[in-house]
Amino acid sequence: MVGGTPAHAAPASAPRRPAALRAGDRVRVVAPGSTPDPTLMDRGIQILRGWGLEVEVAPHVYDRWGYLAGRDADRLDDLNDALRDRGVRGIFAARGGYGTQRIIDKVDTGAARRDPKVVVGFSDITALHGKLWRDAQLATFYGPMVNWSDTRTGPDSEASLRSAVMTTDPIVLRRDPAESSAAVEVPGKATGRLLGGTLTMLDTSVGAGDFPDLSGAILFFEDVDEAPYSYDRMLTHLRRVGALRKIAGVAIGQLVNAGQPGELDAPAVLRDRLGDLGVPVLGGLRAGHGPGQLTLPLGVPATIDTAAGTLTAEPGVR
């Protein structure tokens, strides 16, 4: 058996949970990766302000240097300033794209330990989630960014994000049969700390300071624009380096633009690469790059139950 941790293994220590956001709180939008679209940003800011939040936009969010939102030093300064400002209660990523890994090793994680605050983003922001967990044990949120598209992230997405960062309700995601990853299942029930993100970002962070220790964890992953062989390559790499040896279970989100169904399509590859780990695997979760994206807290205890088709996570805020 590759999976050496019992499925009932519990997290070893409590995460640092930031305070739930409240109307009147200041939040800041930063762009650690690529430049957002101003029109889509206006929509996202409108949503946050509709919750009663006071929204600030960091100075370099709309900068552009090739495929990056400005120079590394400026993007890093924006992020660190937000982490250090005790008046800022939440940090929302403008968008993903690429670039967070270029600055991640200089993020002021000490500021996150001293003053935990809500941090939201996904995709390229996976690196930030991993770094803040590794260095500060900060619970963060894998959810939509401020570069908001109503056609992809509609009312359900908005309600899920708001509930995750502004209430202490448990977070429950249910298997959606319409998601291609719903075809991936290894029966069982497991509890562990929920960690992960976009599979590409996880795989490229192996050996670096933002790759989380997955011992006893529920590994969550999703991805976009990756062919079946890419999922094979990334999961095979994680297996070869021992990263999956002690996981408690696997939760799979949206596999967007993963190619046509076939003998070795993406769900088949995942069944092949995950099926012999000896741990429960639950697919079909509406979290990731696809339509109707829901928000998940990372770093908190969570349970997957394949019979019920649910992932239930403790709140990421207090």
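In this text the structure is predicted, and so the values were computed from the model without any measurement. Positions are given from 1 along the sequence.
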Check Pro267 against Ala183 and note the closest heavy-atom contact, atom names and distance.
CB-CB, 4.2 Å

Walk me through it: do Arg49 and Gln46 pass the test side chain to side chain donor-acceptor pair (under 3.5 Å)?
CA-CA 5 Å; Arg49 287 180 174 157; Gln46 177 189 45; over 6 Å; no

Taking only Lys NZ, Arg NE, NH1 and NH2, and the carboxylate oxygens of Asp or Glu, determine whether Asp108 and Arg113 approach each other closer than 4.0 Å.
no

What is the minimum heavy-atom distance between Ala58 and Val30, and which atoms define it?
CB-CG1, 4.0 Å

One should read off an interatomic distance between Arg174 CZ and Leu282 CG, to the nearest 0.5 angstrom, of 11.5 Å

Drop me the distance from Arg273's CZ to Arg233's CZ, to the nearest 0.5 angstrom.
13.5 Å

Over all heavy atoms of both residues, which pair between Trp148 and Met145 is shortest? Give the atoms and the distance, please.
CE3-O, 3.5 Å

Hydrophobic cluster identity match, Leu214 and Leu270, side-chain contacts under 4.5 Å:
yes

Would you check if the side chain of Arg239 reaches a backbone N or O of Leu277 as a donor-acceptor pair within less than 3.5 Å?
no

Please give me the minimum heavy-atom distance between Ile171 and Ala164, naming the atom from each residue.
CD1-CB, 3.8 Å

Stepwise side-chain contact (heavy atoms from CB on, under 4.5 Å) check, Trp51 with Leu21:
CA-CA 10 Å; Trp51 302 348; Leu21 294 177; over 6 Å; no

Hey, any chance Ile91 and Leu128 share a hydrophobic cluster, counting ILVMFWY side chains that come within less than 4.5 Å of each other, even indirectly?
yes

Any side-chain heavy atom of Thr306 sitting closer than 4.5 Å to one from Arg175?
yes

Test side-chain contact (heavy atoms from CB on, under 4.5 Å) on Arg193 and Trp133; report intermediate values, then the result.
CA-CA 11 Å; Arg193 196 181 304 283; Trp133 174 252; 3.0 Å; yes

Is any side-chain heavy atom of Asp81 closer than 4.5 Å to one of Asp85?
no

Separation of Leu194 CG from Glu314 CD (nearest 0.5 Å)
11.0 Å

If you define the side chain from C-beta out and look only at heavy atoms, does anything of Leu238 sit under 4.5 Å from Phe221?
no

Under a 3.5 Å distance rule, please check whether Arg16 uses its side chain to pair with a backbone N or O of Leu138 as donor and acceptor.
no

Do the side chains of Val184 and Ile247 join up, straight or via other hydrophobic residues, at under 4.5 Å, putting them in one cluster?
yes

When His289 is tested against each of Glu222, Gln254, Arg152 for side chain to side chain donor-acceptor pair (under 3.5 Å), which residue passes?
Glu222

For a 4.5 angstrom cut-off between non-hydrogen side-chain atoms, does Pro315 reach Thr167?
no

Sub-3.5 Å donor-acceptor pair from the side chain of Lys131 to the main-chain atoms of Thr109, do we have one?
no

Can you check whether Thr100 reaches Ile125 side chain to side chain, under 4.5 Å on heavy atoms?
yes

Which heavy atom in Val118 sits nearest to a heavy atom in Ala19, and how many Å separate them?
CG2-O, 3.8 Å

Tell me whether Val172 shares a hydrophobic cluster with Phe141, the cluster being built from Ile, Leu, Val, Met, Phe, Trp, Tyr side chains joined at under 4.5 Å.
no

Look only at the side chain of Asn147 and the backbone of Leu40, and say whether a donor-acceptor pair between them is shorter than 3.5 Å.
no

Please round to the nearest 0.5 Å and tell me the distance separating atom CG of Leu296 and atom CZ of Arg286.
11.5 Å

Look at the side chain of Thr126 and the backbone N and O of Thr198, then say whether any donor-acceptor pair between them is shorter than 3.5 Å.
yes

Which heavy atom in Thr35 sits nearest to a heavy atom in Leu68, and how many Å separate them?
OG1-O, 3.5 Å

Just verifying a value: how many Å separate Ile47 CD1 and Phe92 CZ, rounded to the nearest 0.5 Å?
11.0 Å

Under 4.5 Å between side-chain heavy atoms, hopping through other hydrophobics if needed: is there a path connecting Trp65 to Leu76?
no

Lys189 side chain vs Ala307 backbone, donor-acceptor pair below 3.5 Å:
no

Less than 4.0 Å between a side-chain N and a carboxylate O, is that true for Asp72 and Lys106?
no

Would you call Leu219 and Leu244 a side-chain contact if the rule is heavy atoms closer than 4.5 Å?
yes

Where the side chain of Thr153 meets the backbone of Asp150, is there a donor-acceptor pair that is under 3.5 Å apart?
no

Between CD on residue Glu158 and OG1 on residue Thr295, distance to nearest 0.5 Å
10.5 Å

Kindly say whether Gly99 contributes a backbone atom to a donor-acceptor pair with the side chain of Arg75 at under 3.5 angstrom?
yes

Pair Leu199, Leu235 - check side-chain contact (heavy atoms from CB on, under 4.5 Å), show working.
CA-CA 8 Å; Leu199 187 58; Leu235 290 172; 4.2 Å; yes

Working for side-chain contact (heavy atoms from CB on, under 4.5 Å), residues Val186 and Leu274:
CA-CA 8 Å; Val186 176; Leu274 301 172; 5.8 Å; no

Under 4.5 Å between any side-chain heavy atoms of Arg114 and Arg86, yes or no?
yes

Sidechain-backbone polar pair: Asp210 side chain, Gln101 backbone, donor-acceptor under 3.5 Å:
no

Main-chain N/O of Asp265 paired with Tyr231 side-chain donor or acceptor, under 3.5 Å
no

For the CZ atom on Arg84, are there more than 12 heavy atoms of other groups (residues, nucleotides or ligands in this structure) within a distance under 6.0 Å?
yes

Between Met234 and Thr200, is any pair of side-chain heavy atoms under 4.5 Å apart?
yes

Ring-plane angle category for Phe220 and Tyr142, please: parallel below 30°, perpendicular beyond 60°, tilted otherwise.
perpendicular

